[in-house]
Amino acid sequence: MLKVVKFGGSSLANAEQFKKVADIIHADESRRYIVPSAPGKRFSSDTKVTDMLYDCYSSRREDLNSKLDAIKARYNEIIDELKLDLSLDKEFETIEACFIGKAGRDYAASRGEYLNGIVLANYLGYEFIDAAEVIFFDEKGNFDADKTNSVLSDRLADVEYAVIPGFYGSMPNDTIKTFSRGGSDITGSIVAKAAKADLYENWTDVSGFLVADPRIIDSPAVINTITYRELRELSYMGATVLHEDAIFPVRKEGIPINIRNTNKPEDMGTMIVESTSKKSEYTITGIAGKRGFTSVSIEKDMMNAELGFGRKVLEVFEKNGISFEHMPSGIDTMGVIIQQSEFEKKEQEILAGLHRNVQPDSIEIISDMALIAVVGRGMKSTRGTAGRIFSALAHARVNVKMIDQGSSELNIIIGVSDEDFETAIKAIYDIFVTARL
Ligand code: ASP
């Protein structure tokens with residue numbers, strides 16, 4: 001058994017959190033490769049070290065020293081409280097020189113993980129492997145999966161226990177590049193693949209994915225097991241817990257991800273798997289949604305007989321750089337649902353383009369729409385799921401503006417007005433989870 005374990009910023013925000021992390025690692029000897037983030041917030045108004053580094057790098061020369069000192073203090077507080085025999089003075093001298101030499105914003109941000117990796121490796125007594133030596137990007141700045149996998153797996157073959165900082169790697173010219181924000185999740189996934197791990201544990205500050213947003217539902221149930229496909233369908237929800245790109249490296253290898261809570265290690269969290277025979281506890285696995293969509297509905301008699309109609313409509317959106325979320329259609333109507341903020345910037349160009357391309361009888365625009373995705377592998381084998389959703393919404397006096405059931409029978413997407421968003425989610429949650437219908 002081999003596990004790769006990633007700890008997020010809040011799990012490593014101070015010495016107390018470091019102790020919890022060490023207890024978790026030592027509790028299971030198969031937890032061999034550790035991927036840390038940079039120290040996160042210790043309290044809600046605190047600043048993440050990554051943000052301090054971005055700020056420091058873009059600040060004036062005369063503010064550089066005091067800002068670097070504040071960052072150094074964050075690490076020294078951890079080092080002192082853990083009573084480590086470690087000094088980061090030399091490291092900070094190098095960092096200062098590189099900041100002055102303008103080594104790049106990505107280099108600056110990456111130092112949060114780099115230094116945290118050094119501290120954690122020292123505390124655990126594990127080898128430190130600089131991500132710059134094992135994670136690679138190509139000339140264009142795209143992640144180089146093949147090179148990384150071969151170098152990293154060779155390197156790990158000789159090391160039993162190691163700490164590999166998350167979030168960054170190196171370019172062919174040896175400069176440092178980071179993934180997008182939250183990217184340590186991706187590093188963990190890449191390490192899990194290269195190590196041929198049995199499990200990728202992602203330790204954070206929540207006990208897994210919740211069936212619905214806790215800002216809308218009071219203490220929602222935790223999802224025990226979710227498939228990668230379900231998670232993608234719920235991506236409006238998952239984004240804050242796990243970086244979207246983190247699923248690709250492990251998914252192909254069939255390595256499950258387990259989301260765990262550093263502050264409640266006894267909770268089993270959420271297992272993300274390729275496929276499972278396990279039924280979800282409720283008919284649905286999760287509900288997620290987002291406000292701020294616009295529906296552009298195009299009407300034209302005999303549209304269904306007009307060859308290339310759909311293509312010509314979509315071409316207009318494509319030319320304006322807008323991707324669509326859904327496309328519900330009727331015999332003489334076609335709707336395209338897009339993000340409102342993007343639509344507003346290009347409204348007139350799109351309308352003119354549609355008139356020119358397909359000469360519609362009319363175009364109707366509905367703004368301020370919210371989309372709600374009800375997702376569950378259990379829906380396929382359960383009759384009446386859609387019926388229950390719509391009767392719950394009717395009881396809650398929510399008007400449904402759009403319905404789209406994915407062809408995989410894994411999801412039902414519902415469009416409601418922005419103001420009905422929370423009422424609709426509550427009604428759906430209540431019928432499936434509270435009432436267990
Ligand atoms: N420290 C980086 C960030 O704040 C990466 C990460 O935490 O995953 O985005």
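Order of appearance sets the numbers: ligands from 1, and atoms from 1 within every ligand.
- Relative to the ring axis of Tyr114, Arg111 places its NZ or CZ within 45° and under 6.0 Å from the centre.
- Interface atoms of ligand 1 facing Gly182, defined by a heavy-atom separation under 4.0 Å, are 3 (C), 5 (C), 6 (C), 8 (O), 9 (O).
- Residue Ile186 holds its CD1 atom at 5.5 Å from CZ of Phe179, rounded to the nearest 0.5 Å.
- Of the N and O atoms on the side chains of Thr227 and Glu230, at least one donor lies less than 3.5 Å from an acceptor on the other residue.
- Between Asn263 and Lys20, the side chains place a donor N or O and an acceptor N or O closer than 3.5 Å (distance only, hydrogens not considered).
- Of the heavy atoms in His243, none comes closer than 4.0 Å to ligand 1.
- Contact between Gly183 and ligand 1 is present, with at least one heavy atom of the residue lying under 4.0 Å from the ligand.
- Residue Lys6 places no N or O, backbone or side chain, under 3.5 Å from any N or O of ligand 1.
- Shown in contact with Glu113 at under 4.0 Å from a heavy atom are these atoms of ligand 1, numbered in order with element: 1 (N), 2 (C), 5 (C), 6 (C), 7 (O).
- Distance CD1/Ile272 to CG/Leu242: 5.0 Å, rounded to 0.5 Å.
- At a heavy-atom cutoff of 4.0 Å, ligand 1 is contacted by the side chain of Ser37 but not by its backbone.
- Under a cutoff of 6.0 Å and an axis angle of 45°, Lys426 and Phe421 do not form a cation-pi pair.
- When each atom of ligand 1 is checked for a heavy atom of Arg181 under 4.0 Å away, the hits are 3 (C), 4 (O), 9 (O).
- Of the protein's heavy atoms, Ser184 OG, 3.4 Å lies nearest to atom 6 (C) of ligand 1.
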